[in-house]
There are 2 protein chains.
Amino acid sequence: MAQTTPDSIRHYVRIGLLAPLRDPDSGYKLFGDKDIKKVKFIGRAKGLGFTLRDIQTIFDHSNDGRSPCPAVRDIIRQRIDENRDRLAQLNNLQRRMDDALSKWKSMPDGEPDGEAICHLVESID
Amino acid sequence: MAQTTPDSIRHYVRIGLLAPLRDPDSGYKLFGDKDIKKVKFIGRAKGLGFTLRDIQTIFDHSNDGRSPCPAVRDIIRQRIDENRDRLAQLNNLQRRMDDALSKWKSMPDGEPDGEAICHLVESID
DNA sequence: CTTGACCTGTGTGCAACACCTGGGTCTTAC
DNA sequence: GTAAGACCCAGGTGTTGCACACAGGTCAAG
């Protein structure tokens, strides 16, 4: 999947998802075992469709001593529903695009006539 | 699909996609026939997967007296390819999510133990 | 003349980074 | 001893397509 880059790590720190210790001298980030574990967790959770905000929620539950598992089950059900909707939308879009392209095969290009902007586009729907 | 709202119109003006005349007294936007035509065009083009930047390109061609049709054909082919990739990704995601959820059905919630963050998530992959 | 409904431009927020700037630091090679 | 190269830092900006908020101007109706 998408890689974990230095910039993504920086992003996680910026939004407070990670809070590594700092070297007092250099100000450099110091990642401990827990931070590494969190980074790995983020990767897995993202691979399951969780947003960074979802992951923050999970971390919050965990920090409060509550089990995040019920929330995890709720969230993934939401994400599944959302993804189904998005898939349906994109499938519709795909169909419209394919239809348009094949319809345009038999149509000539038009020159600007002050009337239409692009008759290809305007011939759809 | 997605509606054309006052805010979307404002957005189009902001990014220079529309440039309605202004009432010299009130500063209010005055939409002429060409603006209306453009708004309709934007709606159709968006319905075909064109981005606002794509649409700007089309308008630019049109304003330069060139036919936008060749560009339109090129762009939609790109968008079709992108959408195919995106669909494949989302279908994979859907499968992973479904697999996870069904696997989790037979797993109990875990309490925080300082070891794992959420063993449900960590059991995947 | 006031009320309420609509308009104005500008700024911010969303998601998840990627890229850039301008600088500090650290190691290695000459 | 110093200079080059390879790291690191914080902070700001750009991406996409708006939605929402703010403080104020405008306008028709009562």
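Chain letters run A, B, ... following the sequence lines, proteins first, then strands; residues in each count from 1. Computation of the quantities below employed the complete heavy-atom set of this structure, encompassing side-chain atoms and omitting hydrogens, waters and symmetry-equivalent molecules. Since the structure is predicted, the reported quantities are computational estimates derived from the model, not experimental observations.
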Asker: Do the non-hydrogen side-chain atoms of B/Lys46 and B/Ile42 ever get within less than 4.5 Å of each other?
Answerer: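 Result yes, sub-4.5 Å side-chain heavy-atom pair found.
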Asker: In whole angstrom, give the distance that lies between atom CG of B/Leu18 and atom P of C/dG9.
Answerer: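 Answer to the nearest Å: 13 Å.
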Asker: Counting side-chain heavy atoms from CB outward, which of D/dG12, D/dA19, D/dG17 is closest to A/Arg14?
Answerer: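 In terms of side-chain proximity for A/Arg14, the closest of D/dG12, D/dA19, D/dG17 is D/dG12.
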Asker: What verdict does the side chain to side chain contact (heavy atoms under 4.5 Å, CB included) test give for A/Phe50 and A/Arg79, after you've listed the backbone C-alpha separation in whole Å, the side-chain angles of each residue and the deciding distance to 0.1 Å?
Answerer: CA-CA 7 Å; A/Phe50 287 75; A/Arg79 299 292 161 252; 5.6 Å; no
Asker: Round to a whole Å and report the spacing from CG of B/Leu17 to P of D/dT16.
Answerer: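 In whole Å, D/dT16 P and B/Leu17 CG are 13 Å from each other.
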Asker: Can you tell me the distance, in whole Å, between the CG atom of B/Asp7 and the P atom of C/dG11?
Answerer: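 For the pair B/Asp7 CG and C/dG11 P, the rounded distance is 16 Å.
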Asker: Please confirm whether any donor atom in the side chain of B/Tyr28 sits under 3.5 Å from an acceptor in the base of D/dG25, or the reverse.
Answerer: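 Per atom types, the contact qualifies.
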Asker: Identify which nucleotide among D/dC18, C/dC17, D/dC9 has an atom closest to any side-chain atom of B/Ser8, counting heavy atoms from C-beta outward.
Answerer: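 Looking only at heavy atoms from C-beta outward on B/Ser8, the closest nucleotide is D/dC18.
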Asker: Taking B/Leu120 as the fixed residue, which of A/Pro68, A/Ser67, A/Cys69 is the one that meets the side-chain contact (heavy atoms from CB on, under 4.5 Å) rule?
Answerer: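 Of all the options given, the one that passes is A/Cys69.
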Asker: Taking atom C1' of D/dT15 as reference, at what distance in whole Å does atom CG of B/Asp54 sit?
Answerer: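 Rounded to the whole Å, the gap is 14 Å.
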Asker: Find the distance A/Gln56:CD to C/dC17:P and express it as a whole number of Å.
Answerer: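 Going from CD in A/Gln56 over to P in C/dC17 covers 14 Å.
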Asker: Are any of A/Tyr12's side-chain N or O atoms less than 4.0 Å away from OP1 or OP2 of C/dC17?
Answerer: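 True: A/Tyr12 side-chain N/O within range (under 4.0 Å) of C/dC17 OP1/OP2.
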Asker: Reckon A/Lys29 has a side-chain N or O less than 4.0 Å from the OP1 or OP2 of D/dC7?
Answerer: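 Checking D/dC7 against A/Lys29, no side-chain N or O comes under 4.0 Å of OP1 or OP2.
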Asker: Among C/dA16, D/dG17, D/dA19, find the nucleotide with the atom closest to the side chain of B/Thr5.
Answerer: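 Closest nucleotide to the B/Thr5 side chain: D/dA19.
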Asker: Take atom CZ of A/Arg53 and atom C1' of C/dA16, then tell me their distance rounded to the nearest Å.
Answerer: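 Taking CZ of A/Arg53 and C1' of C/dA16, I get 12 Å after rounding.
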Asker: Just how far, in rounded Å, is C1' of D/dT16 from CD of B/Glu82?
Answerer: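 B/Glu82 atom CD is separated from D/dT16 atom C1' by 13 Å.
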Asker: Check whether any side-chain heavy atom of A/Trp104 sits under 4.5 Å from a side-chain heavy atom of A/Ile124, and report yes or no.
Answerer: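 They are in contact (side-chain heavy atoms under 4.5 Å apart), so the answer is yes.
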Asker: Could you check how far CZ of B/Arg10 sits from P of C/dC6, rounded to whole Å?
Answerer: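 It is 12 Å, rounded to the nearest whole Å.
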Asker: Are A/Met107 and B/Leu48 connected into the same hydrophobic cluster when the rule is that any two of I, L, V, M, F, W, Y join if their side-chain heavy atoms are below 4.5 Å apart?
Answerer: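 Both belong to a single hydrophobic cluster.
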Asker: Both B/Leu52 and A/Phe31 contact DNA chain D. Which one's nearest nucleotide lies toward the 5' end?
Answerer: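 Looking at the nearest nucleotide for each, A/Phe31 comes out on the 5' side.
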Asker: Check every atom of D/dG17, C/dA16, C/dG9 against the side chain of A/His11 and return the nucleotide holding the closest atom.
Answerer: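 When the side chain of A/His11 is considered, C/dA16 is the closest of D/dG17, C/dA16, C/dG9.
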Asker: Which listed nucleotide (D/dG17, C/dA18, C/dC17) is nearest to the side chain of A/Lys46?
Answerer: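 The closest nucleotide is C/dC17.
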